[in-house]
Structures are given as C-alpha cells and as structure tokens.
Amino acid sequence: MSKDEQRILKELNSRMKEFRAALKDEKKKQDLQDNIPGSQILIRFEIFLPSQNPEEFVDGLYLYMNDEGQIANAEYYFRDMSDVEVINIPEEDLSVIKDLFGDAFTLEVE
C-alpha cells in the first residue's frame, strides 16, 4: 500500500469513527450536519455496452451528470468473471463521450 493510500485510509477510518459517534449522539450528529460546508448533486448513469460474449465479459460507462444536466465526468468499466476494473475517461476522450451521450439523458432538479 502506498503512502497516499495509507493516508487516505487513515482519514477514512477517522471519518468513520466520527460518523459512528454522530449516530450515537444527537448533538454530535447535528453539529456534523450544521458544519458541512456544502454539497453537490452528481447523478450517475450506467450504460451497458453491447458485448459479443456477455458470458465472458461485459463493459460499459458510468456517466456523471451535474445539477445542470451536463456530463461532468465519465468512467469506463470492464467486468469479467473474476474481477471488475474501472478507469477514469481521460480528459482528451471526455469530449467524445459528451458529444455522443450529452443529449441522451435529461435531468430536472427542483
């Protein structure tokens, strides 16, 4: 495990400890919720791509849309019988994904 991964895991464990404590104490829960600096809506659409051999593998895209209904990010996944790999779509390819799928989904937030 890299130092970055160790640092992230340590922070996650600290946050989980804080969350568990908030579940047990209403004041801690309220303090936590009152001190959240903000939030953002991000909707994920999963696109199942056609596969020649779906018994062997499936692949697809995760499209993340912001509250304005625009694709903000995308990931490609490949799932075979033993594992799943997910990779971020590189910035230079994201425009292709946006152009191809940008009008395929609509999002209304009130």
Side-chain angles (χ1 to χ4, degrees):
M1 185 181 302
S2 73
K3 286 189 179 217
D4 286 340
E5 289 170 328
Q6 289 175 359
R7 191 177 114 232
I8 292 168
L9 187 57
K10 181 180 176 184
E11 186 62 30
L12 173 60
N13 289 333
S14 174
R15 290 293 188 179
M16 292 308 299
K17 184 178 178 181
E18 178 183 7
F19 296 162
R20 285 186 191 95
L23 283 175
K24 295 177 182 177
D25 183 324
E26 191 60 35
K27 180 172 177 1
K28 287 182 181 180
K29 180 179 178 181
Q30 192 63 48
D31 287 345
L32 175 66
Q33 291 175 347
D34 288 345
N35 288 303
I36 293 174
S39 63
Q40 180 180 24
I41 294 175
L42 199 60
I43 305 293
R44 182 181 90 174
F45 290 94
E46 183 174 356
I47 296 176
F48 305 101
L49 297 172
S51 175
Q52 298 281 2
N53 299 314
E55 305 82 31
E56 292 182 29
F57 76 91
V58 293
D59 64 337
L61 297 169
Y62 295 128
L63 302 180
Y64 298 92
M65 297 183 80
N66 60 23
D67 55 353
E68 296 170 353
Q70 299 171 342
I71 296 172
N73 194 13
E75 296 173 319
Y76 172 78
Y77 70 85
F78 182 91
R79 182 180 303 130
D80 63 14
M81 296 305 120
S82 63
D83 199 13
V84 176
E85 291 290 327
V86 179
I87 60 170
N88 198 45
I89 300 289
E91 190 64 38
E92 61 270 9
D93 294 331
L94 187 57
S95 62
V96 173
I97 300 296
K98 288 179 177 181
D99 288 347
L100 185 59
F101 296 105
D103 294 333
F105 305 98
T106 60
L107 176 67
E108 283 188 37
V109 178
E110 291 186 28

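If you're wondering where the values come from, they're calculated on a predicted model, not measured in any experiment.
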Distance check, rounded to the nearest 0.5 Å: [X] atom [atom1] versus [Y] atom [atom2]?
{"X": "Lys29", "Y": "Lys24", "atom1": "NZ", "atom2": "NZ", "result": "14.0 Å"}
{"X": "Leu32", "Y": "Asp25", "atom1": "CG", "atom2": "CG", "result": "11.5 Å"}
{"X": "Tyr76", "Y": "Ile87", "atom1": "OH", "atom2": "CD1", "result": "7.5 Å"}
{"X": "Asp31", "Y": "Glu26", "atom1": "CG", "atom2": "CD", "result": "10.0 Å"}
{"X": "Arg20", "Y": "Lys28", "atom1": "CZ", "atom2": "NZ", "result": "13.5 Å"}
{"X": "Gln30", "Y": "Asn35", "atom1": "CD", "atom2": "CG", "result": "10.0 Å"}

Taking all non-hydrogen atoms of both residues, which atom of [X] and which atom of [Y] are closest, and how far apart?
{"X": "Met81", "Y": "Glu55", "answer": "CE-O, 2.5 Å"}
{"X": "Ile71", "Y": "Ile97", "answer": "CD1-O, 4.1 Å"}
{"X": "Ala74", "Y": "Leu63", "answer": "CB-CD2, 3.8 Å"}
{"X": "Ala72", "Y": "Leu94", "answer": "O-CD2, 4.1 Å"}

Residues clustering with Tyr62 (ILVMFWY side chains joined when closer than 4.5 Å, directly or via others):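 Tyr62 clusters with Leu42, Phe48, Tyr64, Tyr77, Val84, Val86.
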Check: Ser82 main-chain N/O paired with Asp80 side-chain donor or acceptor under 3.5 Å: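 Looks like yes, one N/O pair under 3.5 Å.
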All side-chain contact (heavy atoms from CB on, under 4.5 Å) counterparts of Asp4, not counting sequence neighbours: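 Counting only residues at least two positions away or on another chain, Asp4 forms a side-chain contact (heavy atoms from CB on, under 4.5 Å) with Ser2, Arg7.
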Pairs touching residues 93-103 that satisfy side chain to side chain donor-acceptor pair (under 3.5 Å), sequence neighbours left out: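 Passing the test, one end in residues 93-103: no pairs.
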Cluster overlap Phe78 with Ile47, hydrophobic side-chain contacts below 4.5 Å: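 Hydrophobic grouping puts Phe78 with Ile47.
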hydrophobic_cluster_shared for Leu61 and Ile43, side chain cutoff 4.5 Å: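 Same cluster: Ile43 reaches Leu61 through Ile, Leu, Val, Met, Phe, Trp or Tyr contacts under 4.5 Å.
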Pair Leu9-Glu5, side chain to side chain contact (heavy atoms under 4.5 Å, CB included): steps then yes or no: CA-CA 6 Å; Leu9 187 57; Glu5 289 170 328; over 6 Å; no
Neighbour count >12 (heavy atoms, 6.0 Å) for atom CD, Glu91: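 Atom CD in Glu91 is not packed in, count stays at 12 or less.
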